[in-house]
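Below is the structure I would like to discuss, written out as C-alpha cells.
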Amino acid sequence: MCKRNSKFKIQNSKLAALALGVVVALSARAASSDYFCIEVIDEATARGVPLVELQTTDKSTYITDSNGLIAFNEPGLMNEDVWFSVFSYGYEFPHESFGARGVALKVTPGGKAQLKLKRINIAERLYRVTGRGIYRDTILLGKKAPIEAAALNGRVTGQDTVETAIFNGKLHWFWGDTNRPSHPLGNFFTSGAVSELPGKGGLDPAVGVNLSYFTDPKSGFARAMVNVKQRGSSPAWIGGLLVVTDDTGKERMLANCARVKGLVPYERNLLLYNDQTDAFDEFKPIPLDAPLAPNGHPMRAEVDGQEYWYFPDPFPTVRVKNEWASVTDLSAYEGFTCLKDGSAFSKKNPPIERDASGKLVWKWRKATPPLHLKEIDALIESGAIKADESPFRLRNVDDGKVITIGASSVYWNEYRKKWVMIGVQAGGASYLGEVWFAEANAPEGPWRDAKKIATHARKNANRDFYNAMQHPYFAQEGGNLIYFEGTFTNAFSGSPIPTPNYDYNQLMYRLDLSDPRLKMPDAPPGLSGARPSKLGP
C-alpha cells in the first residue's frame with residue numbers, strides 16, 4: 001500500500017484540484033445565464049459527444065467539452081442568427097445547403113440548442129481523461145461535472161501514452177511526457193496517478209475516472225515517477241508494465257524504461273517500483289541489442305497450467321513465465337517465430353525452419369527475436385515464405401486489403417470467447433489515427449480479419465490516435481462493452497494546427513461488441529491452447 005506521506009500528498013492534490021474546480025465553477029455560475037448552451041449528442045445514444053468543432057462564418061472555432069457542451073457568449077453575435085459548421089472525427093452532421101454541414105441558430109443569453117450527430121465510427125467517443133478543462137463548458141454553464149477535478153488536476157495540461165496496472169488494490173496510471181501551465185517544458189520522466197476500481201469506490205467507466213496524481217509538494221505539478229541516474233537529461237519512457245509476486249510472496253511492479261534521443265533509445269533498464277517513495281528505481285540494465293524484453297501492454301494467459309505474461313508489439317510474439325525469477329531474467333523470455341533457434345533475421349539468407357513436409361515451423365524459442373512486420377513482408381516479397389504462412393497478416397474484412405498495425409493492445413474477451421485486439425494502423429487515412437478491431441483463437445493467432453472502428457481522418461486536418469490501450473478491468477456486460485483510450489494529437493499526421501485542450505491528451509472510447517457491424521468471419525484454429533489467466537488480464 002502507499003505510505004502515509006504519499007497518501008497525504010495525493011489527497012492534498014485531490015483537494016486542491018477540487019477547490020480550484022469549485023472556485024472556477026462558482027465564479028462562472030454567476031454569469032452562466034449569459035451563455036447560450038449548445039449541446040451536441042450522439043443520435044443513437046443521446047449522450048453528449050466530445051471533440052465536436054463548431055465554426056462560425058468568421059472562422060471562430062468552438063469545441064465541445066466531454067459532456068458535448070459549448071458555452072457560447074461572443075460579443076457582436078448574441079441575439080443574432082449565427083451559422084455554425086459542424087464537424088467531428090467519425091461523426092456526421094446533415095447537409096444544410098450548398099453541401100455545407102451545419103446549422104443556423106438564434107443565439108440568445110440563457111438559450112439552448114441541441115444538435116444530433118450520426119455516428120460513423122463503430123466505437124463511441126466518451127470523454128477526455130487528461131488535461132485542462134475536461135468539463136470547461138459544463139462549468140461555465142453552471143452545471144455539475146461528473147468527475148471531481150473537472151477544470152485542472154495535478155496541474156496537467158497534456159499527457160502522452162498511458163500504461164496501467166492493478167497494484168496493491170488500486171489502479172495505477174502512468175504517462176510519458178506531461179505538460180504543465182507554467183512553462184513549455186514539463187515532466188519528461190513519467191508521471192503517475194491512482195484511481196479506485198469500478199465497484200470498489202471508482203466511477204462507472206462510462207462516466208469517467210477520478211485520478212489522484214502523485215504531485216510535487218511545492219509546485220503541485222505531477223512529479224517524476226522514474227528515478228534514473230543522470231546520464232543526460234533525455235526523457236525516460238516506460239512500457240511493459242506488469243505486476244508479479246516475488247519469492248517472499250510480495251506483489252512487485254516492474255517496467256521497461258527507455259531513455260531516448262529524438263525517438264531513438266540509447267539506454268534501457270528494467271525498473272522496480274519502490275513502495276516507500278512511490279516511484280520506479282533502476283533494477284537491472286537491459287542491453288540495447290537484447291533480442292527479447294518486456295514491452296507494450298502486457299497481458300496474462302495460461303498454457304498447460306503455466307501462467308505467462310505476453311507482450312504484444314503489435315502481436316503477442318514475446319512471452320515469459322509469470323514467475324519472479326523468469327520475469328527478471330532476460331534469458332527466460334521467448335519469441336514466437338519461424339526463425340531457427342538462436343538465429344536472427346537475414347533478408348538474403350533467411351534462417352527459417354520448415355519441417356519434413358515443408359511446413360513453416362512457428363514456435364516459441366528462447367534467445368530468438370520475433371519477426372517484425374516489415375521483416376515478414378520482406379520474406380514474402382523475396383518468396384522465402386508465402387503470405388498465408390504468416391499468422392500475423394491482418395486484412396480489412398470489407399475489401400481484403402492488408403492492414404499494417406503499428407501498436408496494439410490484446411486481451412481475452414469473455415463475450416466473444418476470443419483474444420481481442422484493438423490496434424492502430426500505421427500509415428492509414430490518418431497516419432496514426434485509424435483504429436481497428438481483430439480477434440483470434442490464440443494469442444499467437446492466426447490473426448486474419450480486421451474491422452475499422454474509429455477514424456481521425458479529415459482533409460488537411462488529420463489527427464493521430466496512437467498507443468491505444470484496452471482497459472479490461474472496465475469491461476461491462478460480460479465483456480460486451482469494452483473500453484480503450486489513446487493519445488490524441490496532431491504530432492505526426494501533418495496538420496500544423498493542434499486542437500485546443502484536446503491535443504496531446506488521452507481520449508476514452510467504448511466499443512459494443514454486439515454491434516452487427518462487428519460480425520466477423522470465423523477465426524481459424526489457434527496456434528496454441530492458451531486460455532485466459534485465472535489471475536485476470
Side-chain angles (χ1 to χ4, degrees), residues 39-52 64-69 88-92 116-131 134-135 145-147 162 164 171 173 195-199 202-211 297 299 408-416 418-424 433-439 450-456 463 465-488 502 505-520 537:
E39 181 184 31
V40 186
I41 65 170
D42 183 325
E43 68 175 12
T45 64
R47 181 188 176 106
V49 182
L51 190 59
V52 181
T64 58
D65 71 2
S66 286
N67 265 337
L69 298 177
S88 189
Y89 296 96
Y91 292 75
E92 191 173 81
K116 295 181 179 181
L117 295 186
K118 178 182 179 181
R119 177 155 41 93
I120 308 302
N121 283 344
I122 301 176
E124 179 184 10
R125 192 160 56 244
L126 296 182
Y127 49 81
R128 183 157 50 92
V129 183
T130 62
I134 294 174
Y135 289 95
I147 61 173
V162 70
T164 67
L171 185 55
W173 303 70
S195 70
E196 302 293 343
L197 288 160
L203 294 176
D204 180 338
V207 173
V209 181
N210 281 324
L211 296 170
H297 302 297
M299 55 87 171
S408 78
S409 172
V410 176
Y411 292 97
W412 173 259
N413 184 268
E414 189 62 25
Y415 177 78
R416 304 286 284 220
K418 289 181 173 59
W419 299 92
V420 162
M421 170 187 288
I422 302 296
V424 174
E434 307 307 289
V435 189
W436 294 78
F437 167 90
E439 59 188 9
K451 179 75 174 183
K452 186 184 289 191
I453 56 173
T455 180
H456 297 87
R463 291 292 184 269
F465 181 86
Y466 58 73
N467 289 338
M469 181 184 180
Q470 294 183 61
H471 296 297
Y473 32 76
F474 285 171
Q476 297 171 320
E477 299 180 5
N480 177 30
L481 299 178
I482 63 174
Y483 292 76
F484 65 91
E485 70 172 280
T487 303
F488 178 83
Y502 282 89
N505 270 304
Q506 303 299 301
L507 278 180
M508 185 74 76
Y509 280 84
R510 177 172 60 187
L511 184 64
D512 182 349
L513 296 185
S514 67
D515 190 305
R517 292 173 290 180
L518 287 178
K519 183 174 177 56
M520 307 287 279

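The basis for the numbers below is simple: all heavy atoms, side chains too, and nothing from hydrogens, waters or symmetry mates. Nothing fancy with the numbering, it's 1 onward along the sequence.
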| said: Test your reading of the model: is there a side-chain donor-acceptor pair from Thr64 to the backbone of Val49, 3.5 Å cut-off? | reply: yes

request  = Using a 4.5 Å cut-off on heavy atoms from C-beta on, say whether the side chain of Phe437 contacts that of Leu513.
outcome  = yes

What one should report as the nearest heavy-atom pair of Val410 and Trp419 is CG1-CB, 4.3 Å

State whether the side chain of Asp204 and the backbone N or O of Pro198 hold a donor-acceptor pair below 3.5 Å, judged by distance alone.
no

Check: Between the main-chain N or O of Arg128 and the side-chain N or O of Ser66, is there a donor-acceptor pair closer than 3.5 Å?
Finding: yes

Practice prompt. For the pair Trp173 and Gln506, evaluate side-chain contact (heavy atoms from CB on, under 4.5 Å) and give the outcome as yes or no after the intermediate values.
Written response: CA-CA 12 Å; Trp173 303 70; Gln506 303 299 301; over 6 Å; no

His297 and Ser408 have their tightest heavy-atom pair at CD2-O, 3.7 Å

Requested in this report: Give a yes or no on this: more than 12 heavy atoms of other residues, nucleotides or ligands lie within 6.0 Å of atom NZ of Lys116.
Outcome: no

Quiz item: Do the ring planes of Phe484 and Tyr509 sit parallel (below 30°), tilted (30 to 60°) or perpendicular (above 60°)?
Solution: parallel

Worksheet item: How about Phe488 and Arg463: do any of their side-chain heavy atoms sit closer than 4.5 Å?
Response: yes

Heavy-atom nearest pair, Leu518 first then Asp512, reads CD1-O, 3.6 Å

Query raised in the report: Would you call Glu124 and Arg510 a salt bridge, using N to O less than 4.0 angstrom?
Result: yes

Worksheet item: So, Ser88 side chain and Leu51 main chain: donor-acceptor pair closer than 3.5 Å or not?
Response: yes

- Ignoring hydrogens and geometry, is there a side-chain-to-backbone donor-acceptor pair from Asn413 to Val420 under 3.5 Å? no

Counting N and O atoms only, with roles assigned by atom type, does the side chain of Arg416 sit under 3.5 Å from a partner on the main chain of Glu439, one being a donor and the other an acceptor?
no

Just so I know, are the side chains of Leu126 and Tyr483 near enough to count as touching, which here means a heavy-atom distance under 4.5 Å?
yes

Give the ring-plane orientation class for Tyr89 versus His456, where under 30° counts as parallel, over 60° as perpendicular and anything between as tilted. tilted

Heavy-atom nearest pair, Pro146 first then Asn67, reads CD-ND2, 4.2 Å

Between the CD1 atom in Ile482 and the CD1 atom in Ile422, the distance rounded to the nearest 0.5 Å is 4.0 Å

Check your understanding: Between Thr164 and Tyr473, is any pair of side-chain heavy atoms under 4.5 Å apart?
Key -> yes

Modelled atom types, side-chain donor and acceptor of Trp412 and Glu414, under 3.5 Å: yes

Report task. Please test Thr45 against Arg119 for side-chain hydrogen bond (donor to acceptor under 3.5 Å, both in side chains), starting from the C-alpha separation and ending with a verdict. Result -> CA-CA 10 Å; Thr45 64; Arg119 177 155 41 93; 5.1 Å; no

